[in-house]
Amino acid sequence: MLIGNMEEVSKNLIIVGPKSSGKSSIFSLLTTGSPNTYYDNGTCGINFGFMRTQNSVQKKVMNVYEIGSELENLSLIKTILNNDNFESTFLFLVLDFENPYKQLSYLLKYISNLQKIINEIIDVNIVENNIKNRIMLYPSNKRPDSVNVFPIETFVIGNKYDALETIDIEKLKWLCPSLRYFCFVNALNLIFYSSKKKETINS
């Protein structure tokens with residue numbers, strides 16, 4: 001979109017995940033520059049904010065939506081996502097490493113439910129085109145035919161990564177390899193994050 005002599009680029013980011021996973025903290029980090037450190041009863045419905053950068057020729061805006069914690073709330077994505085903005089929308093799926101043993105199960109449930117919602121509201125040709133465009137970005141990545149590319153660019157955030165330092169690593173050797181494998185076979189991006197570790201905030 002051109003506004004005067006300046007191009008405006010607009011994208012959307014939707015943050016989802018189970019209760020207490022830290023969605024609000026990441027939402028705050030993105031929209032205010034600082035993760036919140038307070039605890040509340042969780043987001044009810046949809047929380048909205050935005051990120052904005054600008055130079056002499058281009059203005060970039062990222063609309064950021066945080067969806068309330070329960071799986072039933074995922075249907076609220078239908079009020080945000082449509083055929084026109086699908087290819088310019090990203091997902092953050094936030095997992096809680098303070099409760100590591102349930103996170104792979106949560107990941108499977110959320111991906112399954114998100115897939116159903118996308119299939120209901122987005123034209124199949126647009127979905128297929130988006131998948132093809134994403135695959136073309138990685139020509140050197142020789143993925144096996146069995147990989148099921150998730151239809152929307154998604155970042156799985158392993159949040160509260162610092163919590164793993166207090167748990168017996170022998171009991172958790174399955175967690176990171178399992179997450180990496182599932183993300184690989186679904187073409188998802190995996191990021192480990194903690195608001196207590198500056199290096200992960202900067203990343």
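Computed from a predicted structure; not experimentally measured.
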Nearest heavy atoms of [X] and [Y], plus distance in Å:
X: Ile67; Y: Asn73; value: CG2-O, 3.3 Å
X: Pro100; Y: Leu175; value: CB-CD2, 3.8 Å
X: Val94; Y: Gly22; value: CG1-C, 4.4 Å
X: Lys196; Y: Asp162; value: CD-OD2, 3.6 Å
X: Phe97; Y: Lys160; value: CB-O, 3.5 Å
X: Phe27; Y: Phe48; value: CZ-C, 3.4 Å

Taking only residues two or more places apart in sequence or in another chain, which ones pass side-chain contact (heavy atoms from CB on, under 4.5 Å) with [X]?
X: Ser178; answer: Leu104, Trp174
X: Glu128; answer: Val124, Asn125
X: Ser75; answer: none

Exercise for the section: Apply side chain to side chain contact (heavy atoms under 4.5 Å, CB included) to the pair Glu87 and Asn129, showing each step before the final yes or no. Expected result: CA-CA 9 Å; Glu87 292 184 321; Asn129 184 63; 2.8 Å; yes
Exercise for the section: Take atom CZ of Phe50 as the centre, draw a 6.0 Å sphere, and report whether it contains more than 12 heavy atoms from other residues, nucleotides or ligands. Expected result: no
Point-to-point distance, once rounded to the nearest 0.5 Å, from [atom1] of [X] to [atom2] of [Y]:
X: Ser24; Y: Ile15; atom1: OG; atom2: CD1; answer: 8.5 Å
X: Leu13; Y: Phe90; atom1: CG; atom2: CZ; answer: 8.5 Å
X: Ile157; Y: Thr154; atom1: CD1; atom2: OG1; answer: 10.0 Å
X: Lys19; Y: Leu71; atom1: NZ; atom2: CG; answer: 13.5 Å
X: Leu76; Y: Leu81; atom1: CG; atom2: CG; answer: 12.5 Å
X: Leu93; Y: Leu107; atom1: CG; atom2: CG; answer: 6.0 Å

Practice task
Just say parallel, tilted or perpendicular for the rings of Phe92 and Phe155, cut-offs at 30° and 60°.
Solution key: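 Because their plane-to-plane angle is over 60°, the rings of Phe92 and Phe155 count as perpendicular.
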Practice task
Name the orientation class of the two ring planes belonging to Tyr110 and Tyr106 (parallel below 30°, tilted from 30 to 60°, perpendicular beyond 60°).
Solution key: perpendicular
With a 4.5 Å limit on heavy-atom distance, are the side chains of [X] and [Y] in contact?
X: Phe86; Y: Ile118; answer: yes
X: Leu91; Y: Phe150; answer: yes
X: Ile26; Y: Glu66; answer: no
X: Leu95; Y: Ser21; answer: no
X: Ile80; Y: Ile46; answer: yes
X: Ile111; Y: Val156; answer: no
X: Leu190; Y: Phe184; answer: no
X: Ser10; Y: Asn63; answer: yes

Problem - Side-chain (Asn85) to main-chain (Ser88) donor-acceptor, under 3.5 angstrom - result: no
Handout entry: Asp96 (side chain) donor-acceptor with Glu98 (main chain) under 3.5 angstrom
Key =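 Side chain of Asp96 to backbone of Glu98, a donor-acceptor pair under 3.5 Å: yes, one is there.
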Exercise for the section: Just do the side chain to side chain contact (heavy atoms under 4.5 Å, CB included) check on Tyr193 and Leu29 with the steps written out, would you? Expected result: CA-CA 12 Å; Tyr193 169 78; Leu29 174 65; 3.4 Å; yes
Handout entry: Asn130-Glu153 side chain donor-acceptor pair, cut-off 3.5 Å
Key = no
